[in-house]
Amino acid sequence: MEIEAIERELTQFLEKNILTENVKITSDQELKEAGLDSFSIVEIILFIERKFGFVIPDEQLLPENFKTIQAIALLVHAYLTN
Amino acid sequence: MKDKSFLFPKKVYLSGADWFLHVLDNASNKQSFDFNIIRIVLDVEDENYATTIINRLKQHDLVNWMLNIQLKKPFFFSKPYWEYKNSTNALTINYHELGQNSLYDLKFFQQAMRVNKTPLFACDCVKENGVVSKIILSIHHVLMDGRGASFFLEELHANDFSLKDRFDVSHYFPKEYAPKISWYKHVKNMYFIKHFMYQHQSQNNANFNDVSSNSFKIKVVDFNQDESLKINNNAQLKGSKFGLNQFLLAVSIKEINELFREKNIPGDCWLPIPYDGRKRGGTGPIISNAISFLFYRIKHAEQKRVEAIVKEIQFQMMDQLRQDVPRKYSLFLEMMRYIPEKLFSFLILRASAGNLASFLYSASIEQSRDVANKFELQVKNMCIIPPFSSPPGITISFLTFNGQLSLNLVYDEALLNESELLAIIERLKIKLLA
């Protein structure tokens, strides 16, 4: 799966399930800036588990990996290609 | 002020959590429920700020609404709602001189609010040497949760407050929750929650339920910028992967369990933690407790290292989110609005056997930055005092404002004396800054 496709999946998930109506998010925008909190990050992690079928290991649960959609997509892509 | 009552919905239904809080308060302790009040303390550095905020409060449609509502719970199989009465109650600002007192010893902090008997919103100003130095907004918790309160603050400080005549009040009120699910699914969901709660509550929960004087005290501890930074760093070092909150909660649990042991109270910490059910990135709803709960049980917390407690909290949080517990609990509470108050109250007491929580905890870590930075009219400093409830008789809350952390404690005087409290605060500081 391409990074762009992962980004699209993540964006759709956020806009449909986490963000309020009409709030849009770009892949390089900081998630905190868009109003996401720690619970939202956990929701993203659980979405990745369901959608991409792997559990992000504890040592990868770092703030920098969950700063933007781009960063999350890179992490997911690395797991999928390995 | 223009009468804009035609803008307000005729009925604003209480959310499941609103009604739960109301029934719980009534059921758990007849005297203490009147103090389930969120208090926002705003520092005033110049008189213009105070005048502007007071004027805005007097003009605010939502304040007018809050001062003129009545709770209705008509019949079986009908939901409770707020009904807006004719606009007769106007906001009165109460002024107090600080004098030699400390702020939280002022008598109005002990003033009760009673649903359907007194206004559920109040504004007090504290003067020092004749000049207003603090504005305190008091809001009954059945009306609003902490996140709603921070949205309300944003409204008050917005740049465009006086520029436009507001006719859009839709973000004030919750949209009525109307999932298209059958009663069969509701009942099935109820059994899931019953089973889940049974697993959690049937064990030995430590609590202070036997000691209750309903006389409470407030203590606020401010950390400076360096200390706040250090606490942030410590949270990461101790493995708090999803922000500061799990670390603060772990430290609080450890401390309170140590207190249980000192007072020879057996059992483990069990506590419900509010989970904000709003979609993110919006500005409302302001009214209603749009919350559900996550439930944490930490065994032998006094013997564990903070890192281990953080890890357990994170595990339990992810496990419950994976099981969709907050949404299912919300759905359960929504359903319980339909049954009569006395029956609901009986069921709560029977299920919990009076054991509602070991202590109460809330954190407004990720809120209120906007009020400090986004608007022209800025808050210099603020504090949110959590509601008092007995049992369990002690509430701990943390707030980060402008990069500085504060620890806010509300406690029953029957549980702790002054020196015990100071010892707890010292130990909390040591753990947070270690």
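Lettering of chains follows the sequences in order, A, B, ..., and the numbering in each one begins at 1.
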Legend entry - Rounded distance (nearest 0.5 Å) linking atom CZ of Phe242(B) with atom CD1 of Ile45(A): 4.0 Å
Inset, instruction - Report the distance from atom OH of Tyr275(B) to atom CG of Asp37(A), rounding to the nearest 0.5 Å. - result: 8.0 Å
Legend entry - Region of Ile25(A) that comes under 4.5 Å of a non-hydrogen atom in chain B: neither
Legend entry - Side chain / backbone / both / neither for Ile41(A) at chain B, heavy atoms under 4.5 Å: side chain
Inset, instruction - Check the surroundings of atom CZ in Arg322(B): do more than 12 heavy atoms from other residues, nucleotides or ligands lie under 6.0 Å from it? - result: yes
Inset, instruction - Using a cut-off of 6.0 Å, state whether more than 12 heavy atoms not belonging to Glu59(A) lie near its atom CD. - result: yes
Legend entry - Max heavy-atom pair count under 4.5 Å with chain A, selected residue of Gln246(B), Gln314(B), Met318(B): Met318(B)
Inset, instruction - Output yes when Lys175(B) and Glu21(A) qualify as a salt bridge under the 4.0 Å nitrogen-oxygen rule, no when they do not. - result: yes
Inset, instruction - Taking Lys241(B) for its side chain and Leu62(A) for its backbone only, find out whether a donor-acceptor pair lies under 3.5 Å. - result: no
Inset, instruction - Look at the side chain of Lys279(B) and the backbone N and O of Lys16(A), then say whether any donor-acceptor pair between them is shorter than 3.5 Å. - result: yes
Inset, instruction - Name the member of Val42(A), Leu14(A), Val23(A), Asn17(A) that forms the most heavy-atom pairs with chain B at distances under 4.5 Å. - result: Val42(A)
Inset, instruction - Sort out for me which of Glu43(A), Arg50(A), Glu49(A) touches chain B most, counting heavy-atom pairs under 4.5 Å. - result: Glu49(A)
